[in-house]
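Shown next, in structure tokens, is the structure this report addresses.
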Amino acid sequence: MSIIKVEHLSKKFGAVTAIRDVSIEVEEGTIFGFLGPNGAGKSTTINILCTLLSPTSGKATIAGYDCMKDSSMVRKSIGIVFQDPTLDKELTAYENMMLHAYLYNVKRSEIKDRIHNALRFVDLYERRDDVVKKFSGGMKRRLEVARGLIHRPRILFLDEPTLGLDPQSRANLWDFITDLPRKHNVTVFMTTHYMDEAEVCDRISIIDSGSIIATGTPDELKKTIGGDVIYIKTSDNEKAKVEIEKLFDVDVSEKNGELFLTTLKGDSCIPQIIKTIGDKALSVRLQRPTLNDVFIKMTGKQIRDEEISSTDTFKEDMRAYRRRFDRG
Ligand SMILES: Nc1ncnc2c1ncn2[C@@H]1O[C@H](COP(=O)(O)OP(=O)(O)OP(=O)(O)O)[C@@H](O)[C@H]1O
Ligand SMILES: [Mg+2]
């Protein structure tokens, strides 16, 4: 069942078209990632879904409620972590949570337990009586996630939740975000411009200049690139080329003295290649397409050059995370 349904949504700010004909469906209990560069229209879309902005045209429903007509029911169904932090730094973590619980009419008798549980979930229980100005960026973001859950929403919107955090805090926050569907039965809709975060989402849409340019699972999108590329260094390229072409019935090309071919099942082809060309094999490497490749193919540009290079450490953390995830 689609818990979020967006149909042909557009929003103009005067002469600026922030989003154009955006359609999205998100299934309950999944993590949806909205990936795009600066100014692509991610926050505009989230703000419409959270009933803070009206669209120029189109329709959106959240948990079956119309974002324009049933805004109070939509608001009861969702939690939000805004792109810009909104905590009161002079208050303690507990007091920030309490304010939010009052705003959302949480039953007085339940408030304390709910706050304690939410703070335990994000590992901030021990720091509940500290003022927020003493918190690190990662702790503040985790507190905002906990706060967004206090009224038990079915959906949590997170607008760039990890922006500006160091790699370790990002990976740490990601642990909590990826636990949300399983531990809290919460559907997650998040925006990001980090490829690595998008990789861990169940489904993503890539948005550029207000339009969605691709939607699918990360694997589906990467397959549009045409598969893995295998590079082979050999002692006799001419002979090896003929043998590999015969083996897979594909074209093998040569660049910088290396043979290469594109295939959908890179890792299972490598043993066959080595067996076939035998001693001629000097080295073999596999290059998997990335979401960055998908973005470049679709738009002809990188998402954000400077931040792609700064994600290297984070990539390591994410790889470790994925290994853990794969093991269940
Ligand atoms: N209130 C507003 N008034 C006028 N223009 C706006 C307003 N809000 C957004 N825009 C414009 O709409 C476009 C999309 O902005 P939006 O904030 O949705 O992008 P974004 O994808 O969230 O970007 P970022 O990654 O920087 O947060 C931009 O061109 C922006 O300048
Ligand atoms: Mg934004």
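Each ligand, and each atom within it, is numbered from 1 in the order the structure gives. Residue numbers run from 1 in the order of the sequence given.
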Would you mind listing which atoms of ligand 1 come within a distance below 4.0 Å of any non-hydrogen atom of [X]?
| X | result |
| --- | --- |
| Q83 | 27 (O) |
| N38 | 23 (O), 24 (P), 25 (O), 26 (O) |
| S43 | 17 (O), 18 (O), 20 (P), 22 (O), 27 (O) |
| E160 | 25 (O) |

Item to check | Over-ring placement of R170 relative to Y194, 6.0 Å and 45° cut-offs | outcome: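 Cation-pi check for R170 and Y194: passes.
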
Checklist entry - Is R120 positioned over the aromatic face of Y125, cation under 6.0 angstrom from the ring centre and no more than 45 degrees off axis? => result yes

Next on the checklist: If we only consider heavy atoms of P37, is any one of them less than 4.0 Å away from an atom in ligand 1?
Outcome noted: yes

Checklist entry - salt bridge (Lys or Arg N to Asp or Glu O under 4.0 Å): which pairs involve residues 183-195, sequence neighbours left out? => result D179-K183

Next on the checklist: Nearest 0.5 angstrom please: H193 NE2 to I206 CD1, how far?
Outcome noted: 14.0 Å

Checklist entry - At what distance, to the nearest 0.5 angstrom, does CD1 of I78 lie from OH of Y65? => result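 I78 atom CD1 to Y65 atom OH measures 12.5 Å (nearest 0.5 Å).
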
Under 3.5 Å between any N/O of [X] and any N/O of ligand 1: does that happen in this structure?
| X | answer |
| --- | --- |
| G36 | no |
| F13 | no |
| A18 | no |

Item to check | Charged N-O contact under 4.0 Å between K222 and E199 | outcome: yes

Checklist outcome for this item: In short, side-chain hydrogen bond (donor to acceptor under 3.5 Å, both in side chains) pairs touching residues 229-243 with sequence neighbours left out are T234-N237, N237-E254, K241-E245, E243-K280

Checklist entry - Under 30°, 30 to 60°, or over 60°: which ring-plane class applies to F189 and F32, parallel, tilted or perpendicular? => result tilted

Taking only distance into account, with no hydrogens and no angle test, what donor-acceptor pairs under 3.5 Å do side-chain atoms of residues 10-18 form with protein atoms, sequence neighbours excluded?
from: S10; atom 1: OG; to: D21; atom 2: N; distance (Å): 2.9
from: K11; atom 1: NZ; to: S54; atom 2: O; distance (Å): 2.7

Checklist outcome for this item: Listed as residue and atom, the protein N/O/S atoms under 2.8 Å from the Mg ion (ligand 2) are S43 OG, Q83 OE1

Next on the checklist: Would you say that more than 12 heavy atoms from the other residues, nucleotides or ligands in this model lie under 6.0 Å from the CG of N256, or not?
Outcome noted: no

